[in-house]
2 protein chains.
Amino acid sequence: MVSQRPRSRSGVGQTRERLLVAAREEFAARGFDGAKVDRIARRARINKAMVYYHFSSKAALYLAILREQFAAVAVAVSDARGKGGAPVEQLSRYIDTIAHVALARPHFPPMWLREIAEGGRHLDESVLGELRRVLETLAAILKDGREQGAFRPAHPFVIQMGIMAPLMFFVASAPVRLRVGRKLPPAFALPDLEGVVAHVKASTLAVLSTAPAASGSRRASS
Amino acid sequence: MVSQRPRSRSGVGQTRERLLVAAREEFAARGFDGAKVDRIARRARINKAMVYYHFSSKAALYLAILREQFAAVAVAVSDARGKGGAPVEQLSRYIDTIAHVALARPHFPPMWLREIAEGGRHLDESVLGELRRVLETLAAILKDGREQGAFRPAHPFVIQMGIMAPLMFFVASAPVRLRVGRKLPPAFALPDLEGVVAHVKASTLAVLSTAPAASGSRRASS
DNA sequence: GTCTATATTTTGATAGAC
DNA sequence: GTCTATCAAAATATAGAC
């Protein structure tokens, strides 16, 4: 089940990269069961046997990609927290970071949605660990805020849902939104991610904030 | 591609119901590609040939289930809106209704997440139509609120993400949350749906509201 | 309406030459 | 490291008897 990366570095070793890129696209677009090894190989312009040279199975390949994606998210939010600042600022940066990762790694949101739907059947301990790191980063921010009197008590899981879910959903739902929006009155002009980020920030901070909201200061959308 | 329901009503006609129940479970748990017709038949305690007697293909069966689920959501929110009341009340009821449907039909959230991830590949016009009805119901509530000066302008799509996404995500993520939470400090006691509903209501209303928030009146979680 | 085969294709995975 | 050829096991779908 492990990725058994060959240690020799002859040639550019570009094949493995192409394989990973192709697999990421295929898994994101079709899911684990919908993805076909043949198709991955074709996309990567390599032979199917090469897939099994680099990874012991389709499942191992999938897991490697999943792990890399979650690790990237965990590192990103951890780095963001490392920049310090007031709790409100940190939370805002946390949200920006999630949104940024979702944009920079467009395969992450669909894969994450699928894993949720799947009940996490493909998640092993290492991936769960990365997930925990993300949640712990958020929890630390909330704790700081509470101790400094800026935030009221709140459940990290709940806050995480309020942040992560709309962002993942929004990015992943682009194709569906296009199709639904096409037959809707023009007042429904499709929003952009920035609008969603602004909404998530405003709504999350409003719930957490202990300070009376300055009425009229926050935009709800673009 | 259509469900070609036989018109004869001899016997209790229970087979078809069992088939639908089994298929719903299988599709929700495994997705379209992961679901196997053999397994659906076994679960329904019928023969595989019976599946094809009732539905022309696996895809047609899947679509029938998807359509029924989305129609139920559309009807539920439409009914909820029909009960009238002030915009704030209506929006609150809209959120309750979505949460209630997600609980009453536990297969809906995972199927919805998967369809999003899939880019809506299996959604046909009839399903998209139901989806539009849901969005239009929300848009009508927001419009009322805006006209009555209770809500500030907001993008229906964005508001929909802020409501739908956390609820779907939360319900569907129960298994993953269990596994992640198991190794987290006890302060992370798992939240319940009510906590999420309260958060979604509070945060959405806070963003939309034109009235200064009464500081300290809203709980963020349970 | 229901079942027992069975046809046909696809798919994950491997053997073995180069 | 890379390819060709191929196996063995699923999986969708159908024929046809009862």
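Because only heavy atoms are used, hydrogens play no part in the values below, and waters and symmetry mates are left out as well, while side chains stay in. Chain naming here is simple, since letters A, B, ... match the order of the sequence lines and numbering starts at 1 in each.
Between B:Glu25 and B:Arg43 there is a salt bridge, since at least one side-chain N of the basic residue sits less than 4.0 Å from a carboxylate O of the acidic one.
Ring planes of A:Trp112 and A:Phe108: parallel class, angle under 30° (limits at 30 and 60°).
Per the geometry, CZ belonging to B:Arg16 stands 12 Å off P belonging to C:dT2, to the nearest Å. Residue A:Arg45 contributes atom CZ, which lies 11 Å from atom P of D:dC3 at whole-angstrom precision. If you take CZ of B:Arg42 and P of C:dT2, they are 19 Å apart, rounded to a whole angstrom. Distance CE (A:Met50) to C1' (D:dT2): 6 Å, rounded to an integer number of Å. Taking atom CD1 of residue A:Ile46 and atom C1' of nucleotide D:dT4, one finds them 15 Å apart after rounding to whole Å.
The neighbour count for A:Lys36 NZ, taken as heavy atoms of other residues, nucleotides or ligands under 6.0 Å away, is above 12.
Of all heavy-atom pairs between A:Glu115 and A:Arg121, the closest is OE1-N, 3.9 Å.
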Dump the intermediate steps for side chain to side chain contact (heavy atoms under 4.5 Å, CB included) on B:Tyr94 and B:Val134, then the final yes or no.
CA-CA 10 Å; B:Tyr94 177 88; B:Val134 175; 3.4 Å; yes
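Remark: B:Arg114 is not positioned above the aromatic ring of B:Phe27, lacking an NZ or CZ atom under 6.0 angstrom from the ring centre and at most 45 degrees off the axis.
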Can you build the contact string for nucleotides 8-14 of chain C? Use B for base contact, S for sugar-phosphate-only contact, and - for no protein heavy atom under 4.0 Å.
---SBBB
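In the set C:dC3, D:dC3, D:dT2, D:dT2 carries the atom at the smallest distance from any side-chain atom of A:Tyr53.
Between A:Thr15 and D:dG1 there is no side-chain polar atom (N or O) within less than 4.0 angstrom of OP1 or OP2.
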